[in-house]
Amino acid sequence: MKFHVLTLFPEMVLQGLAPSIIGRAVEKNMISLDAVNIRDYSKDKHGKVDDYPYGGGAGMLMQAQPVYDAYRAVAGDRRVRTIYLTPQGKPFTQKMAKEFAGEEELIFLCGHYEGIDERVLEEIVTDYVSVGDYVLTGGELPAMVMVDAIARLVPGVLGNETSAEEESFYNDLLEYPQYSRPEVWKGKAVPKVLLSGNHSKVNEWRLEQSKLRTRKMRPDLYARYEEKQKLIKRLAKDKRNNIHMIESLRRGFGEMIYAEGGNVLVYDNAEKVCMILAKNSPGGKKLIEQAPEDTDLLLVSQEFVKDDLPEHEWSLLMTCHQYLYTQRETLPVRYKEIRRLTMEQFDYVCSHYEHDDSSYLEERIRSGFLYGAFDGEKIVGFAGMHGEGSMGLLYVDEAYRRRGIAESLEAYVVNRMLERGWTPYGHVIEGNEISEHLQEKLGFYKAGRKVWWLKKQEKQEN
Ligand code: ADE
């Protein structure tokens, strides 16, 4: 991902971020960051970039021409998403950070003095963003805040060990308190449960602390969390059929867009999937109207919803049976050489797993949810988890089949999900008996209803 900052103080941005994790990601070429000095584009012989505002008033304004030329130097003839940092903008949130992280390239425009000539803003700015209800002397600090929050969501930037997926805001709750050595400091002891070695008790305690904190500090977030919990409870009355929605909501990616009567729309931010449960055909149509603009995929639980969709807008990808693993016990993994994949195995994965977008496979590897079976140093198969939470991406080399490797890979993925307190589930394409048999052997239950995956059709250019 590329970040460009248009500023009068390029060193402030570059030097401010250089010593951080973001600086390290730049060095490793995971992201790129450049700061363009707007003054370099001044046509004035003294490098002047500001002038008095028409109509009078205090202070000076940044002029349109140098800002515009600096923008063109970066964007050329392309239309690049351009964020103007201003206290008048939309408040910056984690959700926005996630959305911006989906762009390939972003330009940040930092204002100074009393602002920037409106005409150039109209010409180049796509988003107006504020980092809070206070006024700073310029847009550099806000731009740095945004670059930091967005870049850390780029797969790989935080490293495989720390996943951004597991923190505050992702579970709709604030982070629980954490402690490190020594066990007692200034007479204060670390809570006993954290020393117990009992993972499920630790998780329970952490969840409770997160809830307490959120209720106290952010009642707005807590109210949203409670609403979601209510919906999860309702969906859990038919857990086998609704497991995809339940898991998306529980893991913190799912947003409740609509939930009234038997009509439910959950939007999974991670994969831009709309999950639709409709009572009847009119209900289904109403839900579709509420699907966010950027929805790429639909996962529908009733055939009539699929049949109601215009074919030129949505095409059927596959019909699947849903399988879920409801036990808490981990599964035995007989094949011992299984480990998390790194980008070293990217080419292997691409050449053995059919997907129209290889960046999806890269993102899956970097997220840390793709695991490989090895014979010494040689990779012989893989399995993992899709972005919205279902298990899949299974492949084993022909020469290594019928040795229980697929079963071990799936068991390994199940165990990683159980460790996180998730319910493992997956989608098996209708008619794939080998895969159905494997799910049953591992102890998965088959849901009574099928699900249909639909993909948005590319708009025809005229
Ligand atoms: N520029 C000055 N103050 C700002 C703020 N609060 N957010 C974004 N940009 C700004």
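We count residues from 1, following the sequence as given.
Counting only N and O atoms by type, the side chains of Glu311 and Gln457 include no donor and acceptor under 3.5 Å apart. No side-chain donor from either of Tyr176 and Glu208 sits under 3.5 Å from a side-chain acceptor of the other.
In this structure, Lys279 places its NZ atom where only 12 or fewer heavy-atom neighbours from other residues, nucleotides or ligands lie under 6.0 Å away. Atom OH of Tyr400 is surrounded by more than 12 heavy atoms from other residues, nucleotides or ligands within 6.0 Å. Within 6.0 Å of CD on Glu183 lie no more than 12 heavy atoms contributed by other residues, nucleotides or ligands. Counting heavy-atom neighbours within 6.0 Å of Gln229 CD, excluding the residue itself, gives a total above 12.
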Between Asn198 and Val193, does the side-chain contact (heavy atoms from CB on, under 4.5 Å) criterion hold? Intermediate values first, please.
CA-CA 8 Å; Asn198 182 336; Val193 60; over 6 Å; no

Please determine whether side-chain contact (heavy atoms from CB on, under 4.5 Å) holds for the pair Glu313 and Leu309, giving the CA-CA distance in whole Å, both sets of side-chain angles, and the decisive distance to 0.1 Å.
CA-CA 7 Å; Glu313 283 180 31; Leu309 290 163; over 6 Å; no

For a salt bridge (charged side-chain N to carboxylate O under 4.0 Å, His left out) check, start with the C-alpha distance between Glu419 and Arg416, then their side-chain angles and the critical distance, and finish with the verdict.
CA-CA 5 Å; Glu419 274 167 11; Arg416 301 290 80 73; 2.7 Å; yes

Could you walk me through whether Lys306 and Glu303 satisfy the salt bridge (charged side-chain N to carboxylate O under 4.0 Å, His left out) test, starting with their C-alpha distance in whole Å, then the side-chain angles of each, then the deciding distance to 0.1 Å, before giving a yes or no?
CA-CA 5 Å; Lys306 174 197 78 144; Glu303 201 158 15; 3.7 Å; yes

One pair to check against side-chain contact (heavy atoms from CB on, under 4.5 Å): Leu106 and Met146. What are the steps and the verdict?
CA-CA 11 Å; Leu106 289 171; Met146 286 190 69; over 6 Å; no

Apply side-chain hydrogen bond (donor to acceptor under 3.5 Å, both in side chains) to the pair Ser390 and Glu388, showing each step before the final yes or no.
CA-CA 6 Å; Ser390 64; Glu388 90 296 343; 2.6 Å; yes

Trace of the salt bridge (charged side-chain N to carboxylate O under 4.0 Å, His left out) decision for Glu99 with Arg81
CA-CA 12 Å; Glu99 196 213 315; Arg81 197 143 179 203; 2.9 Å; yes

Begin from the C-alpha positions of Phe374 and Leu341 and carry the test side-chain contact (heavy atoms from CB on, under 4.5 Å) through to its verdict.
CA-CA 10 Å; Phe374 288 81; Leu341 293 188; 3.9 Å; yes

Does Glu271 form a side-chain hydrogen bond (donor to acceptor under 3.5 Å, both in side chains) with His386? I'd like the steps, not just the answer.
CA-CA 9 Å; Glu271 279 302 298; His386 288 286; over 6 Å; no

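The closest side-chain heavy-atom distance from Leu141 to Met12 is below 4.5 Å. Looking at Leu298 and Ile288, their side chains come closer than 4.5 Å, going by heavy atoms from C-beta outward. A heavy-atom distance below 4.5 Å is not found between the side chains of Glu247 and Leu324. The shortest side-chain heavy-atom distance between Met417 and Arg251 falls under the 4.5 Å cut-off. Looking at Val349 and Arg364, their side chains never come closer than 4.5 Å, going by heavy atoms from C-beta outward. Contact of the Arg334 side chain with the Glu407 side chain is registered, since non-hydrogen atoms from C-beta on lie closer than 4.5 Å. Using a 4.5 Å cut-off on side-chain heavy atoms (C-beta onward), Tyr267 and Asp294 make contact. Using a 4.5 Å cut-off on side-chain heavy atoms (C-beta onward), Tyr395 and Asp397 make contact.
Counting all heavy atoms, side chain and backbone alike, Leu409 lies closest to Ala383 at CB-CB, 3.8 Å. The two residues Gly283 and Ala278 make their nearest non-hydrogen contact at C-CB, 4.3 Å. The heavy-atom pair separating Asn241 from Ala447 by the smallest distance is OD1-CB, 3.4 Å. Heavy-atom minimum distance, Thr295 versus Cys274: OG1-SG, 3.6 Å. For the pair Phe304 and Ser281, the tightest heavy-atom approach, listed with the atom from each and the gap, is CE1-N, 3.6 Å. Heavy-atom minimum distance, Asp357 versus Ser359: OD1-OG, 2.7 Å.
Test Phe382, Tyr371, Tyr335 against Tyr412 for ring pair (Phe, Tyr, Trp, His ring centres under 6.0 Å) and you get one pass: Tyr371. Results of the side chain to side chain contact (heavy atoms under 4.5 Å, CB included) test with Val300 over Val451, Leu454, Leu287 single out Leu454 as the only residue that passes.
The main-chain N or O of Arg218 is never found under 3.5 Å from a side-chain atom of Arg213 such that the two would form a donor-acceptor pair. Remark: the backbone N or O of Gln439 is not paired with any side-chain donor or acceptor of Lys446 at under 3.5 angstrom. In this structure, the side chain of Thr423 does not engage the main chain of Thr326 through any donor-acceptor pair within 3.5 Å. For the pair Arg152 (side chain) and Ile21 (backbone), a donor-acceptor distance under 3.5 Å is absent. Judged by distance alone, the side chain of Gln302 and the main-chain N or O of Asn280 form no donor-acceptor pair under 3.5 Å.
Note that CE of Met318 and NZ of Lys450 are 14.5 Å apart. Values are rounded to the nearest 0.5 Å. Rounding to the nearest 0.5 Å places CD of Glu227 at 4.0 Å from CE of Met256. In this structure, Asp268 CG and Asp296 CG are separated by 11.5 Å, a value rounded to the nearest 0.5 Å. From His244, atom NE2 reaches atom CG of Leu249 across 10.0 Å, with rounding to the nearest 0.5 Å.
Taking the six-membered ring where the residue is Trp, Tyr360 and His355 present parallel rings, their angle staying beneath 30° rather than reaching 60°. The aromatic rings of Tyr225 and Tyr222 lie tilted to each other, with the angle between the two planes from 30° to 60°.
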